[in-house]
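First up is the structure itself, then whatever we jot down about it.
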Protein chains: 2
Amino acid sequence: MEEIDRQILGLLAGDGRMSFTDLARETGLSVSAVHQRVRRLQKRGVVKGFTALLDNEAIGLALTAFVSIKPIDPAAPDDAPQRLAGIEAIEACHSVAGEESYILKVRVASPNDLENLLQQIRAQANVATRTTVVLSTPWEGRRPPL
Amino acid sequence: MEEIDRQILGLLAGDGRMSFTDLARETGLSVSAVHQRVRRLQKRGVVKGFTALLDNEAIGLALTAFVSIKPIDPAAPDDAPQRLAGIEAIEACHSVAGEESYILKVRVASPNDLENLLQQIRAQANVATRTTVVLSTPWEGRRPPL
DNA sequence: GGTGAAAACAATCGGCT
DNA sequence: AGCCGATTGTTTTCACC
């Protein structure tokens with residue numbers, strides 16, 4: 001039961017376009033059984049969607065950085081996520097424990113764009129920033145152990 | 001030309017399982033033209049693959065953290081990525097500029113698992129660790145502006 | 001969870017602009 | 001070069017068991 005669902009999740013994490021026929025062969029179920037399991041996993045929110053993995057350099061976003069932010073006025077209400085949500089270059093926004101309040105992962109084309117982005121972040125969210133530039137990425141987005 | 005490729009990438013980033021028929025409708029091209037463009041994008045490495053987006057809580061990995069590591073012996077050869085590559089809980093490994101040498105993104109089920117993971121990282125790579133626990137994630141994995 | 005038929009789709013080819 | 005349209009075999013879907 002749950003075992004087969006985990007197997008399906010692993011297969012789809014590895015190849016998001018795998019056909020239901022192949023999923024059925026791998027799991028030993030019939031095509032329609034696999035199909036309804038996948039749909040159920042989507043409806044329950046376990047599978048949130050499917051996406052293409054793109055090469056960031058190839059699409060002109062060669063520079064990745066982590067930006068930690070800290071409010072300048074600690075008494076002000078913390079609505080940084082809403083204030084920053086509109087900035088497309090921010091790929092992820094994590095609220096964290098520790099000295100800073102959020103860690104942002106950003107992707108830009110150049111150091112110049114990074115500078116502009118940081119100014120925009122500081123102005124828009126009224127925060128101080130601490131930036132860590134990524135030099136290389138041995139791996140990323142590895143799928144989790146199921 | 002390149003404009004249409006960017007459009008295709010955007011569509012596939014949004015829905016990795018979109019059919020070639022739908023891609024053709026959206027782009028105004030024929031099915032076979034879209035098909036050969038996608039294959040070319042894959043062969044050139046612009047599209048690295050397709051994957052399912054899973055809900056980490058639902059699959060029992062409720063705890064995310066960033067682990068910055070710094071070698072204990074700065075004179076030793078830096079082969080941390082190879083030493084850590086076998087640890088499945090490490091979702092990403094970035095070499096970074098700054099005080100620390102790598103930032104790891106890890107996913108585990110519990111604080112207890114995090115403790116074990118940190119011990120494993122320290123022992124296996126001979127590094128000191130600094131861990132920042134993620135409390136919540138307003139957003140993550142947003143697709144880049146094309 | 002399975003089956004079977006209808007509809008939709010993927011993948012290839014030769015020819016067209 | 002890149003695109004189209006038809007063909008062929010496969011995949012997805014749906015109603016039903």
Side-chain angles (χ1 to χ4, degrees), chain A residues 1-62 107 109 140-146, chain B residues 1-61 109 140-146:
Chain A
M1 287 280 185
E2 191 54 36
E3 173 59 34
I4 293 184
D5 279 346
R6 284 182 31 238
Q7 193 183 353
I8 291 172
L9 293 175
L11 291 164
L12 286 177
D15 176 7
R17 280 186 88 94
M18 183 175 283
S19 71
F20 288 102
T21 306
D22 286 347
L23 288 172
R25 252 200 315 98
E26 295 287 333
T27 56
L29 269 61
S30 74
V31 172
S32 50
V34 169
H35 192 260
Q36 80 190 37
R37 274 170 186 269
V38 172
R39 296 236 311 189
R40 205 187 61 200
L41 288 167
Q42 287 189 270
K43 211 178 62 189
R44 282 199 302 164
V46 180
V47 173
K48 293 191 288 186
F50 297 91
T51 190
L53 301 168
L54 307 182
D55 185 275
N56 290 299
E57 297 208 20
I59 60 178
L61 297 172
R107 298 232 198 239
E140 182 178 21
R142 181 156 63 178
R143 57 182 185 278
L146 297 172
Chain B
M1 291 279 182
E2 189 55 36
E3 172 59 36
I4 293 183
D5 279 346
R6 284 185 26 241
Q7 192 184 352
I8 291 172
L9 293 176
L11 290 165
L12 286 176
D15 176 8
R17 280 187 87 93
M18 183 175 283
S19 73
F20 288 101
T21 306
D22 287 346
L23 288 173
R25 252 199 317 98
E26 295 286 333
T27 57
L29 268 63
S30 74
V31 172
S32 50
V34 169
H35 194 261
Q36 76 192 39
R37 273 170 186 268
V38 172
R39 294 232 313 182
R40 207 187 59 197
L41 288 167
Q42 286 188 271
K43 211 178 62 189
R44 284 200 300 163
V46 181
V47 173
K48 292 191 288 187
F50 297 91
T51 191
L53 301 169
L54 306 183
D55 184 275
N56 290 301
E57 297 207 22
I59 60 178
L61 297 172
E140 182 178 22
R142 182 155 63 176
R143 58 179 185 280
L146 295 173

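Order of the sequence lines fixes the chain letters, A, B, ..., with proteins taken first and strands second; residue numbering starts at 1 for each chain.
Using a 4.5 Å cut-off on side-chain heavy atoms (C-beta onward), B:Asp5 and B:Arg44 make contact. Counting heavy atoms from C-beta on, the side chains of B:Arg39 and B:His35 come closer than 4.5 Å.
Listed by chain and number, the residues in a salt bridge (charged side-chain N to carboxylate O under 4.0 Å, His left out) with B:Glu57 amount to none (sequence neighbours excluded). B:Thr27 is linked by a side-chain contact (heavy atoms from CB on, under 4.5 Å) to B:Ile4, B:Gln7, B:Ile8, B:Leu11, B:Leu29, B:Val34, counting only residues two or more places apart in sequence or in another chain. For the ring-ring contact (aromatic ring centres under 6.0 Å, His included) test, no residue two or more places apart in sequence or in another chain qualifies with B:Phe50.
Note on the helix from C:dG1-D:dC17 to C:dT17-D:dA1: angle between the axes of the first and last five pairs equals 40°, rounded to 10 degrees.
One atom, CD1 of B:Ile4, and another, P of D:dA1, lie 19 Å apart when rounded to the nearest Å. One atom, CZ of A:Arg25, and another, P of D:dT12, lie 12 Å apart when rounded to the nearest Å. In this structure, A:Leu23 atom CG and C:dG1 atom C1' are separated by 16 Å, rounded to whole Å.
Within the structure, every pair that satisfies the salt bridge (charged side-chain N to carboxylate O under 4.0 Å, His left out) test and touches residues 9-30 of chain B, not counting sequence neighbours, is listed here: B:Asp22-B:Arg25.
A donor-acceptor pair is defined here as one N or O able to donate and one able to accept, closer than 3.5 Å; such a pair exists between the side chain of A:Thr51 and the backbone of B:Ala13.
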Evaluation steps, side-chain contact (heavy atoms from CB on, under 4.5 Å), between A:Leu12 and B:Leu54
CA-CA 10 Å; A:Leu12 286 177; B:Leu54 306 183; over 6 Å; no
How would you summarise protein contacts on nucleotides 8-17 of chain C per nucleotide, using B for base, S for sugar-phosphate only and - for none, with heavy-atom distances below 4.0 Å?
-SSSB-----
